[in-house]
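To start, the structure under review is shown below, and the notes come after it.
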Amino acid sequence: LLNRFMAPIKHLLLPQAASPSQLSVAEINRDLAIMGEVQARTIYTFAMAESHIVPPPQFFEKCLNELSLPYTHRHLQELSKSALAAILESPSFGGAITNPSIVATASLFAGRTATANSTGFVDTISVEDGKIVGHNSAAVGIRNSLVREFTPSAYAHQPVLVISQSFQAVAPAIHALKSLDCGKLYTVGFLIPPASPLAEYNHHCRSLDFSSSGAPFAVVSALEAGQTQLLIPLIRLISGRGTLRGPKRMFLNIGNKLDRKMLSQSGILASGWVVNTVEDVAAWTAVDMMKHLVGQSIPCDFVRMAGNRGFF
């Protein structure tokens with residue numbers, strides 16, 4: 001008899017047990033599958049382009065194996081829209097992760113979460129009550145990363161700066177920032193499409209003059225590795241502009257693994273900035289993806305540990 005309400009359990013993705021002689025999460029999943037409570041499904045990873053914000057396919061395959069879920073993992077490098085539609089209609093379809101994200105079209109998804117509707121993109125696809133639902137887990141991951149060091153109220157009415165070469169790369173970040181009730185949102189390197197629900201927040205920077213609203217409290221960068229040197233004069237400029245309510249500012253990197261030399265040259269740490277890396281965002285994003293795919297929580301600490309072991 002499985003007592004899922006009172007029985008202490010251990011999580012095989014964590015190194016220590018919760019208490020002696022308890023069931024593990026994997027044992028519960030295995031027995032539920034034997035009793036027919038968990039149906040065999042296929043979990044897909046699509047495309048998986050070079051991106052540090054989403055862990056690679058082998059990470060999700062490992063999680064499925066460790067949890068002893070009756071799911072089969074399948075990775076597809078290339079996928080047409082018609083092929084995707086056919087997969088979504090398959091009776092064995094259990095969910096998918098797509099990287100880069102895809103447009104949240106109504107023809108593909110019976111339901112879309114607030115993050116998918118706001119950003120216009122889907123990176124996680126789940127099956128809920130027989131319906132195909134699109135999510136944007138990156139938006140959730142970025143928000144969780146932003147509030148790890150600061151309370152949500154710290155961002156309220158504060159100006160922020162977002163730097164990228166494309167809107168799609170930072171749409172989740174813009175949604176996350178606006179959900180924290182940030183102030184004026186400056187953009188550099190891209191424009192928010194007029195049809196996007198986020199378009200009303202666009203203030204494209206033609207010059208780095210923040211005199212009207214004050215220096216940005218947070219800077220989000222989606223620049224590639226070869227472009228991070230462009231951030232050095234910008235960080236120095238912002239760091240030299242007055243003070244905010246507190247001594248710290250937030251720098252969130254979602255484009256590449258940060259170069260330690262760039263951090264040193266920019267003086268970002270010495271100036272009191274809090275730096276959140278793409279690895280931190282990827283960990284929180286993976287947690288939300290697994291929650292939608294299999295309905296189980298993966299500890300963020302495990303995801304970070306997996307990242308240190310080279311999973312992403």
Side-chain angles (χ1 to χ4, degrees), residues 51-54 98-105 112-124 134-206 208 210 212-224 227 230-231 234-235 238 249-256 273-278 280-282 284-285 288-289:
S51 172
H52 299 294
I53 199 172
V54 178
T98 176
N99 183 34
S101 56
I102 59 177
V103 177
T105 56
R112 290 170 293 183
T113 59
T115 56
N117 283 325
S118 176
T119 62
F121 299 101
V122 165
D123 58 21
T124 307
H135 313 262
N136 193 298
S137 292
V140 177
I142 290 172
R143 191 184 192 280
N144 287 337
S145 180
L146 287 171
V147 298
R148 189 165 65 93
E149 298 290 342
F150 293 99
T151 62
S153 61
Y155 295 88
H157 313 300
Q158 294 278 23
V160 295
L161 175 65
V162 181
I163 308 168
S164 176
Q165 287 189 311
S166 71
F167 167 66
Q168 183 173 353
V170 290
I174 295 175
H175 169 85
L177 288 165
K178 297 314 296 185
S179 73
L180 295 170
D181 196 28
C182 73
K184 186 172 288 188
L185 191 147
Y186 295 99
T187 63
V188 174
F190 71 100
L191 291 173
I192 302 177
S196 169
L198 299 172
E200 61 180 297
Y201 306 121
N202 188 41
H203 296 277
H204 187 63
C205 277
R206 301 186 184 278
L208 297 178
F210 305 111
S212 61
S213 59
F217 173 75
V219 174
V220 178
S221 170
L223 296 179
E224 297 299 325
Q227 302 170 321
L230 300 174
L231 294 171
L234 178 61
I235 295 298
I238 296 174
R249 294 183 174 90
M250 166 63 72
F251 178 79
L252 178 64
N253 175 61
I254 60 174
N256 64 89
W273 291 71
V274 173
V275 177
N276 279 6
T277 64
V278 68
D280 184 66
V281 174
W284 285 111
T285 300
D288 191 71
M289 286 178 166

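No hydrogens, no waters, no symmetry mates; every other heavy atom, side chains included, goes into these values.
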Pairwise side-chain contact, Ile163 with Val219, heavy-atom cut-off 4.5 Å (strictly under): yes

Which residues share a side chain to side chain contact (heavy atoms under 4.5 Å, CB included) with Ala218, sequence neighbours left out: Tyr155, Val160, Met250

Side chain to side chain contact (heavy atoms under 4.5 Å, CB included) against Ala171, all qualifying residues, sequence neighbours excluded: Thr119, Phe121, Phe167

Heavy-atom closest pair, residues Arg143 and Leu180: NH2-CD2, 3.3 Å

Side chains of Leu177 and Val162 in contact at under 4.5 Å (non-hydrogen atoms): yes

Side chain to side chain donor-acceptor pair (under 3.5 Å) involving Thr285 - partner list, sequence neighbours excluded: none

Approximate separation, where rounding is to 0.5 Å, of Cys182 SG and Ile174 CD1: 9.5 Å

Side-chain touch Leu198/Ser118, heavy atoms, less than 4.5 angstrom: yes

Short side-chain donor-acceptor distance under 3.5 Å, Ser137 and Asp288: yes

His175: ring-ring contact (aromatic ring centres under 6.0 Å, His included) partners, not counting sequence neighbours: none

Pairs involving residues 146-161, ordered by first then second residue, that meet salt bridge (charged side-chain N to carboxylate O under 4.0 Å, His left out) (sequence neighbours left out): Arg148-Asp280

The single option from Leu252, Ile254, Thr277 passing side chain to side chain contact (heavy atoms under 4.5 Å, CB included) against Ser145: Leu252

With Asn117 via side chain to side chain contact (heavy atoms under 4.5 Å, CB included) - residues at least two apart: Arg112

